[in-house]
Amino acid sequence: MQPISLNVNRWFDQVSVLITFLYRLMFTITHALANSRFLLHTTGKARRFWLVHFRKEYVQRQLFVRSGDCRQCGACCNLLFTCPMLTKQGRCYVYGYCRSRACKVFPIDQRDIDEVTICGGHCGYRFDREDAYKVRNMGRS
Ligand code: SF4
Ligand code: SF4
């Protein structure tokens with residue numbers, strides 16, 4: 001039978017290993033968040049998912065006031081990660097077949113365009129600020 005002090009020491013060792021692991025994990029995550037756009041793009045994707053599934057009217061109104069054209073630059077296919085459906089030629093492999101709703105309606109509003117701009121891209125669509133303001137207030141009157 002092992003002495004109690006040996007068991008206690010082993011337990012302390014395991015706890016300290018766990019604490020070190022958690023510290024390193026938190027450090028890595030914090031570092032990644034501070035130096036990347038991880039949080040921005042994650043929030044953007046979650047926001048678009050929410051809008052296309054639960055705020056369909058808002059999306060329709062936004063599309064109504066959106067102007068410009070898609071330049072097919074593929075910038076919106078590289079937010080957070082490069083979409084596996086993006087070909088080497090910069091084309092969407094599933095275009096016209098099974099793109100997600102969020103892909104079909106991108107950009108939904110100015111925030112999406114800003115997200116592309118932050119990544120150094122230039123979306124061909126735009127939202128007139130006055131129209132966008134009217135759309136925001138349509139549901140309130
Ligand atoms: S599915 Fe197509 S449009 Fe959507 S992100 Fe991927 S490559 Fe782009
Ligand atoms: S960023 Fe805008 S212009 Fe470029 S592919 Fe996406 S929707 Fe089209």
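Heavy atoms only: backbone and side chains are in, while hydrogens, waters and symmetry mates are out. Every number for a ligand or one of its atoms is a count from 1 in the order of the listing.
With Y58 as the aromatic partner, R55 meets the cation-pi criteria of under 6.0 angstrom to the ring centre and within 45 degrees of the ring axis.
Looking at heavy atoms from C-beta onward, S67 lies out of side-chain contact with Y125 at the 4.5 angstrom threshold. Considering only heavy atoms from C-beta on, F127 comes within 4.5 Å of I113 through its side chain. With contacts defined as side-chain heavy-atom distances shorter than 4.5 Å, the pair R71/C123 does not qualify. Proximity of C119 to H41: side-chain heavy atoms (C-beta onward) are separated by under 4.5 Å at one or more points. You'll find the side chain of D109 reaches within 4.5 Å of the side chain of R47, heavy atoms only.
At a threshold of 2.8 Å, atom 8 (Fe) of ligand 2 has a backbone or side-chain N, O or S atom of C70 nearer than that distance.
Under a 4.0 Å N-O distance rule, the pair E115/K45 does not qualify as a salt bridge.
Near C73, meaning under 4.0 Å from one of its heavy atoms, ligand 2 places the atoms 1 (S), 3 (S), 4 (Fe), 5 (S). Those atoms of ligand 2 that come under 4.0 Å of a heavy atom in C76, given as number and element, are 1 (S), 5 (S), 6 (Fe), 7 (S).
Remark: minimum distance from atom 2 (Fe) of ligand 2 to any protein heavy atom is reached at C123 SG, 2.4 Å. Among protein heavy atoms, the minimum distance from atom 5 (S) of ligand 2 is reached at G74 N, 3.3 Å.
In this model, a donor atom of one side chain and an acceptor atom of the other lie less than 3.5 Å apart for Q72 and R91.
For atom 6 (Fe) of ligand 1, the neighbouring protein N/O/S atoms at less than 2.8 Å, given as residue and atom, are C83 SG.
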